[in-house]
Amino acid sequence: MIKWMQNLFSSTKTEENINNMKKFLIVGLGNIGSEYVNTRHNIGFKVLDFLAKKEGIPFETVKLGTLAEYKFKGRTFLLLKPNTYMNLSGKAVKYWMDKENIPLENIFVITDDLNLPFGTIRIRKKGSDGGHNGLKNINQVLSTQEYTRFRFGISDEFKKGQQVDYVLGDWDDTEKTKLPERLELASEIIKSFGTAGLENTMTTYNGK
């Protein structure tokens, strides 16, 4: 009887672990507030908004952010937009990672990158914060850099001393024209991460 109970418990834990491996936390970094909606720094929010609208799934206000649940090919993608402002993004990531029991390798953080030309994609399984305050806080809170980040290039076409205004500024007309195609690609990358795996996703999409 005791052995049967032990086997049952072990089987339940194994099934739970398998289910957790099919669950992904997709974090789009950005700042809350209408004044930030269309800024370059909010590309993480914009990517998740695009995917949610395309798939017809709503965001709900939850603790430390807004969340949408997207199911695709047996996987569950939790799309999280932290409401902590960029500099405290790690608090929301840690809370939902722990609450949903999501393994570190299933965390996917979408952020802007000044060092990449507009729309350029770079996916990495780990790395430094690169001077990005959102990533810096996530690294501090999680005590690791070993999580996947998806950097979306916003270029560095600004004059000396104007970085803050540029990052927190609206997209120009040329960028606005090109954004829909880039957002569509970003949506495919999210789905690929959960279904094809990180290595295949990096091989397929990096540099595009």
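If you read the sequence from its start, that first residue is 1, and numbering goes on from there.
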Please examine the side chains of [Y] and [X], heavy atoms only from C-beta on, and report whether any two atoms are closer than 4.5 Å.
{"X": "L168", "Y": "N42", "result": "no"}
{"X": "V109", "Y": "L29", "result": "yes"}
{"X": "P82", "Y": "V27", "result": "yes"}
{"X": "L135", "Y": "R151", "result": "yes"}
{"X": "T148", "Y": "R124", "result": "no"}
{"X": "F45", "Y": "I32", "result": "yes"}
{"X": "L142", "Y": "M97", "result": "yes"}
{"X": "F152", "Y": "L116", "result": "no"}

For T84 and L88, indicate whether the former's side chain and the latter's backbone hold a donor-acceptor pair under 3.5 Å. yes

Check for a donor-acceptor pair, side chain of T177 on one end and backbone N or O of D173 on the other, with a separation under 3.5 Å.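 Looks like yes, one N/O pair under 3.5 Å.
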
Nearest heavy-atom neighbours spanning [X] and [Y]:
{"X": "R40", "Y": "D170", "answer": "NH1-O, 3.2 Å"}
{"X": "K176", "Y": "W171", "answer": "CE-O, 3.1 Å"}
{"X": "L114", "Y": "Q163", "answer": "CD1-NE2, 3.4 Å"}
{"X": "N31", "Y": "M86", "answer": "OD1-N, 2.8 Å"}
{"X": "F50", "Y": "S187", "answer": "CD2-OG, 3.3 Å"}
{"X": "Y166", "Y": "I154", "answer": "OH-O, 2.5 Å"}

Judged by modelled atom types alone, do N137 and K91 share a side-chain donor-acceptor pair under 3.5 Å? no

For residues K71 and T76, is any side-chain donor paired with an opposing acceptor at under 3.5 Å?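 Their side chains do contain a donor-acceptor pair, which is all the 3.5 Å distance test asks for.
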
Any link between Y70 and L25 through a network of hydrophobic side chains (Ile, Leu, Val, Met, Phe, Trp, Tyr) touching at under 4.5 Å?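 No; L25 is not reachable from Y70 via cluster members.
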
Give a yes or no on whether [X] atom [atom1] has more than 12 heavy-atom contacts from other residues, nucleotides or ligands under 6.0 Å away.
{"X": "E60", "atom1": "CD", "value": "no"}
{"X": "K94", "atom1": "NZ", "value": "no"}
{"X": "K54", "atom1": "NZ", "value": "yes"}

From I57 CD1 over to F59 CZ, what is the distance, rounded to the nearest 0.5 angstrom?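 The distance works out to 6.5 Å.
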
How long is the span from the CZ atom in F150 to the OH atom in Y205, to the nearest 0.5 Å? 10.0 Å

Would you mind checking if [Y] and [X] are paired as a salt bridge, meaning a charged N to carboxylate O distance below 4.0 Å?
{"X": "K23", "Y": "E100", "result": "yes"}
{"X": "E175", "Y": "K178", "result": "no"}
{"X": "D49", "Y": "K81", "result": "yes"}

The single option from T111, L48, L179, D113 passing side chain to side chain contact (heavy atoms under 4.5 Å, CB included) against I43: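 The option that passes is L179.
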
Are the aromatic ring centres of F24 and F193 under 6.0 angstrom apart? yes

Test: R75 cationic atom under 6.0 Å from F77 six-membered ring centre, within 45° of axis: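 No, cation not above the ring by the 6.0 Å, 45° rule.
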
